[in-house]
Amino acid sequence: MPLDKVKITIIGGGVGGYPAAIRAARMGAEVIIIENDALGGTCLNWGCIPTKALLQSAGVAATIRNAEVFGIRSKGYEIDFSAVMKRKNDVVSQLCNGVKSLLTAKKVKIIKGTAAFVDAKTVQIAETGEKVTADRILIASGSKSGKIPIEGIDGPDVMDSNQVLTMTSLPKSVVVIGGGVIGVEFAQFLKGMGTDVTILELMPNLIPGLDREIAVALEKIVVASGVKVITNAMVKGISGKKGQNRVRYAIGEQISECVAEKVILAVGRKPDFSSLNVTKIGIACEKGAIVVNERMETNVPGIYAAGDVIGGVMLAHVATAEGECAVKNALGQASVMSYRVVPSCIYTTPEVASVGLTEEEARKNHDVQIGRFPFRGNGKALILNETEGMVKVISDKKYGEILGVHILGPHATDMISEAVLGMTMEMTVEELAHAIHPHPTVSEAIMEAAMTLAGGAIHMP
Ligand code: NAD
């Protein structure tokens with residue numbers, strides 16, 4: 001079938017769905033996108049964008065607090081929480097409007113409503129009864145916050161990440177259940193706004209899954225910033241009265257509790273396709289996620305899935321790559337999804353970014369060598385007064401291939417792209433060490449970490 005005759009329907013206007021819609025339209029297909037909430041999905045409305053906008057406000061407050069270091073005396077500051085939230089909302093709506101314009105410019109038809117499968121080529125919009133038929137369908141319906149089955153979890157002061165983003169006033173104290181990415185980012189934002197914060201994390205370290213050395217270093221910094229971190233803590237229940245929540249947790253046999261005005265639940269997210277009726281048309285699911293192959297095809301011909309709804313690596317940029325892979329295959333251009341080089345970023349202070357294998361993973365199958373360079377040896381980091389952290393480069397001893405790069409430090413989330421590119425090109429540490437880096441930049445720390453494995457760093461004894 002010629003591409004301009006192919007009709008593709010995309011369910012979900014988040015970062016799994018809308019870039020795929022634009023790609024499909026660019027390839028010549030007739031595209032319909034169905035979204036029951038705001039375009040942009042979790043990332044633009046409830047995740048990446050609003051949380052980073054809030055963290056930027058906390059960062060501005062921190063800059064004012066530290067201004068004297070730079071010779072600037074300031075007469076203090078005041079936090080206008082409603083203005084902080086308004087700015088966050090303005091950033092979100094500007095980006096959402098941008099997404100709408102991009103889709104409209106590419107003649108993508110936008111339907112507002114909730115889709116459910118009628119058959120393998122038809123979905124019906126619940127709110128209007130309209131039926132939409134297509135040659136190909138991409139499911140990109142995303143995820144929702146996970147819950148834990150404990151007493152008091154539905155209490156009025158218990159918030160998921162969406163509710164935190166619509167708070168109208170700052171709580172005096174919070175307990176954050178879950179010390180993963182969402183938990184730690186919210187903890188740092190609220191601490192920066194002046195709230196008293198305690199994190200309860202089930203595992204021995206914050207951000208389980210991160211390279212352990214980096215996770216331990218981050219945890220020390222988070223604790224030093226005044227956030228109370230309790231690890232190995234299994235939360236048992238929430239009781240007490242409004243504004244005074246008693247969160248009970250066990251460390252081994254020992255039961256303790258902490259009290260806070262609000263409780264934030266950040267124990268992971270779950271694929272969400274509950275309203276789609278996928279079982280009606282026999283789409284295979286496993287462990288609460290839609291099953292796809294490396295071409296993003298489900299078991300039902302012509303139906304594809306991408307993003308958080310398929311589980312696995314639930315990151316915005318991965319969802320986008322999966323969505324694009326899906327529509328290429330749907331439109332006859334063979335594409336295979338690769339997860340070999342996937343960066344991940346945490347917007348703490350300092351930031352964390354990593355790509356490839358952690359030291360623990362690399363040691364399982366490789367004879368590894370590790371190069372480290374601390375930011376205290378980097379001139380630009382000193383200029384910024386942000387000398388905490390390091391770059392850690394993990395490579396294969398025999399061939400020098402870079403297996404993983406982990407950065408804890410200033411601008412880590414922007415700098416990781418250098419490692420992404422290097423690893424995509426299967427670069428060796430020698431090549432990275434010999435690539436001339438601009439001076440003075442924090443990126444020189446990446447080169448120097450590689451140099452420690454290729455003749456030695458310059459700015460380290
Ligand atoms: P997560 O899986 O990163 O962390 C959840 C944490 O909760 C884990 O550390 C886990 O050990 C802990 N936990 C689970 N049950 C618990 C219990 N009963 N008591 C105490 N701790 C418990 O999930 P998240 O932080 O909610 O994030 C959800 C998703 O959103 C993830 O896929 C994440 O990658 C993504 N996300 C990414 C970013 C980013 O890239 N910067 C930011 C936010 C969210």
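Indexing begins at 1, ligand by ligand and atom by atom, following the structure's order.
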Glu351 versus Thr413, side-chain donor and acceptor atoms under 3.5 Å: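 Judged by distance alone, the side chains do pair up.
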Polar contact flag, side-chain donor to acceptor under 3.5 angstrom, His437-Glu448: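 Glu448 and His437 do not have a side-chain donor-acceptor pair below 3.5 Å.
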What part of [X], side chain, backbone, both or neither, has a heavy atom within less than 4.0 angstrom of ligand 1?
| X | value |
| --- | --- |
| Ala316 | neither |
| Cys345 | backbone |
| Tyr347 | side chain |
| Ile207 | neither |
| Ile182 | both |
| Leu200 | backbone |

Arg269-ligand 1 polar pair, N/O distance under 3.5 Å: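 No, since none of the N or O atoms of Arg269 sits under 3.5 Å from an N or O of ligand 1.
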Leu206 backbone acceptor or donor facing Glu219 side chain under 3.5 Å: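 Yes: the side chain of Glu219 pairs with the backbone of Leu206.
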Within-shell test, Pro208 vs ligand 1, heavy atom, strictly < 4.0 Å: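 Distance cut 4.0 Å: Pro208 passes for ligand 1.
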Nearest non-hydrogen partners of Ala233 and Leu200, listed with the distance: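 It is CB-CD2, 4.3 Å.
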Protein residue, atom and distance nearest to atom 35 (C) of ligand 1, heavy-atom basis: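 Here the closest protein heavy atom is Met314 O, 3.7 Å.
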